[in-house]
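The block underneath contains the structure these notes are about, expressed in structure tokens.
It should be emphasised that the depicted structure is a prediction, and the values quoted were computed from it without experimental measurement.
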Amino acid sequence: MPDPAIIKFAQEVKAKGGRLYVTGGQVRDGLALGTFYPKFRYYRDFDLVAFGLDLPRILAVAENLGSARLIFRNFRGQKFPALVRFRAGSLVFEISPAKSPDNPFGFTPEASLNEDALSRDFTVNAIYADPLAETIIDPLAGLDDLKAQRLTPVSPFSIAQDPLRILRAMALISRRGYTATARLLDQVAKNWPSLKTVAPDRFWPEWARWSKARWPHLGLSFLRTSGALGFYPELTALVGSPQNPRFHPEGDVFNHTFLVVQAMSELKLPDPRRKSLLTFAALLHDVGKPRV
């Protein structure tokens with residue numbers, strides 16, 4: 001059963017003429033753990049989407065149930081109200097209105113579930129759980145990709161709409177062991193130069209997730225295979241930079257760095273902050289070699 005706080009919120013949204021669904025990582029990872037209906041206790045933070053209500057009405061519902069506030073987001077230099085953050089005990093809910101893929105800076109409460117799904121990043125993140133009916137809704141065959149451990153963009157324009165999704169893919173591949181589909185690699189290859197249009201403060205959360213991931217070397221491999229490594233000239237310079245084969249039979253500095261990052265990820269480090277620090281140290285420990 002979903003958390004009672006989610007049930008209560010969903011009931012209030014329904015009473016106002018809307019419908020509330022859980023989506024994103026909670027549903028994705030809950031299903032990956034082998035449960036048809038996600039075990040929401042696995043998370044303390046929840047991404048919810050309310051169909052049929054705009055942000056002011058969502059905020060009003062949340063304020064009637066507890067502590068709530070409006071959260072703003074920066075997107076391509078523009079700041080706009082994006083969601084409502086609501087606390088219930090130790091749990092945090094982030095609720096947004098439905099969104100249309102044609103409206104990247106705002107929301108369309110009357111958007112359909114399929115339109116909202118097409119506004120998201122990857123099919124595995126576009127699976128919805130209905131907390132009242134206790135059913136799963138999968139408009140873009142995300143369950144197939146989840147079962148096959150594939151990472152696929154929701155549309156041909158997914159990466160172009162928000163290039164930060166390249167680093168989100170890197171982090172997800174590193175954390176969950178997904179394989180990038182040809183569709184994802186093709187979109188990244190065409191759009192990675194647009195990363196320069198992304199606000200710098202949006203980069204760190206994805207790199208932080210990468211540094212604490214189980215397989216960070218897979219993320220590095222994705223960046224290189226897709227061409228997105230080109231956005232980072234210091235890392236690109238490692239590719240093809242020679243080493244003494246007597247001491248480095250593995251090849252160039254990039255291959256060496258890849259293996260060091262992989263070895264670091266296999267250490268049993270109980271403190272995630274220490275793991276993050278050491279993973280970045282592994283990534284950058286030879287970054288000056290090409291200049292020597």
Side-chain angles (χ1 to χ4, degrees), residues 22-35 38-47 92 94 120-129 138 140 142-154 158-159 162-181 183-185 187-188 192 195 198 201-226 228-229 231-232 235 257-284:
V22 188
T23 191
Q26 297 86 344
V27 178
R28 178 196 70 223
D29 294 343
L31 291 168
L33 287 172
T35 58
K39 292 182 178 178
F40 290 131
R41 288 293 185 182
Y42 182 70
Y43 279 81
R44 292 186 60 193
D45 301 329
F46 300 85
D47 293 329
V92 178
E94 292 189 343
R120 299 186 177 274
D121 48 13
F122 309 109
T123 59
V124 295
N125 289 335
I127 305 170
Y128 300 78
D138 180 24
L140 303 179
L143 286 171
D144 290 341
D145 283 335
L146 187 62
K147 183 177 180 180
Q149 289 285 280
R150 297 185 299 246
L151 198 60
T152 305
V154 297
S158 180
I159 301 301
D162 185 2
L164 183 72
R165 289 169 174 169
I166 296 170
L167 297 187
R168 195 169 300 156
M170 174 197 71
L172 271 172
I173 287 168
S174 301
R175 290 162 58 205
R176 305 301 176 204
Y178 294 140
T179 298
T181 60
R183 179 168 160 181
L184 174 58
L185 292 173
Q187 288 192 36
V188 174
W192 70 260
L195 279 167
V198 177
D201 62 325
R202 299 181 68 208
F203 284 72
W204 171 246
E206 304 305 332
W207 277 105
R209 293 184 183 100
W210 169 84
S211 68
K212 299 171 186 174
R214 183 176 178 183
W215 301 287
H217 59 291
L218 297 182
L220 291 183
S221 181
F222 164 73
L223 290 182
R224 182 177 181 179
T225 303
S226 67
L229 195 71
F231 186 71
Y232 296 96
L235 298 180
T257 298
F258 176 92
L259 293 173
V260 173
V261 169
Q262 181 179 13
M264 182 61 64
S265 69
E266 293 171 355
L267 298 179
K268 304 299 182 183
L269 300 174
D271 185 349
R273 291 172 298 180
R274 181 171 175 79
K275 179 176 183 179
S276 177
L277 176 64
L278 292 176
T279 303
F280 278 116
L283 175 67
L284 301 174

Derivation of the ring pair (Phe, Tyr, Trp, His ring centres under 6.0 Å) call for Y232 and W207: CA-CA 13 Å; Y232 296 96; W207 277 105; 5.5 Å; yes
Ring-ring centroid check F222 W215, cutoff 6.0 Å: no
Any donor-acceptor pair under 3.5 Å linking the side-chain atoms of [Y] with those of [X]?
{"X": "D47", "Y": "T23", "answer": "no"}
{"X": "D121", "Y": "S158", "answer": "no"}
{"X": "R28", "Y": "N125", "answer": "yes"}

Could you give the distance from [atom1] ([X]) to [atom2] ([Y]), rounded to the nearest 0.5 Å?
{"X": "L167", "Y": "L172", "atom1": "CG", "atom2": "CG", "answer": "11.5 Å"}
{"X": "T179", "Y": "L218", "atom1": "OG1", "atom2": "CG", "answer": "8.5 Å"}
{"X": "S174", "Y": "M170", "atom1": "OG", "atom2": "CE", "answer": "6.0 Å"}

Least distance between heavy atoms, [X] atom then [Y] atom:
{"X": "A169", "Y": "F122", "answer": "CB-CZ, 3.7 Å"}
{"X": "V154", "Y": "A126", "answer": "CG1-CB, 4.3 Å"}
{"X": "F231", "Y": "W192", "answer": "N-CZ3, 3.3 Å"}
{"X": "R120", "Y": "Y128", "answer": "NE-OH, 3.2 Å"}
{"X": "L140", "Y": "T123", "answer": "O-CG2, 3.8 Å"}

Does any non-hydrogen side-chain atom of [Y] lie less than 4.5 Å from one of [X]?
{"X": "F203", "Y": "L195", "result": "yes"}
{"X": "L146", "Y": "L31", "result": "yes"}
{"X": "L278", "Y": "R274", "result": "yes"}
{"X": "T181", "Y": "L151", "result": "no"}
{"X": "L220", "Y": "V261", "result": "yes"}
{"X": "R150", "Y": "D144", "result": "yes"}
{"X": "F258", "Y": "L283", "result": "no"}
{"X": "T152", "Y": "L184", "result": "no"}

Selection residues 204-224 - residue pairs positive for salt bridge (charged side-chain N to carboxylate O under 4.0 Å, His left out), sequence neighbours left out: R168-E206, E206-R209
Expected output: side-chain [X] to main-chain [Y] donor-acceptor under 3.5 Å:
{"X": "Q187", "Y": "I159", "value": "yes"}
{"X": "K147", "Y": "G142", "value": "no"}
{"X": "T279", "Y": "S211", "value": "yes"}

Derivation of the side chain to side chain contact (heavy atoms under 4.5 Å, CB included) call for D29 and R176: CA-CA 9 Å; D29 294 343; R176 305 301 176 204; 2.8 Å; yes
From CA spacing to verdict: side chain to side chain contact (heavy atoms under 4.5 Å, CB included), R202, D162: CA-CA 11 Å; R202 299 181 68 208; D162 185 2; 2.8 Å; yes
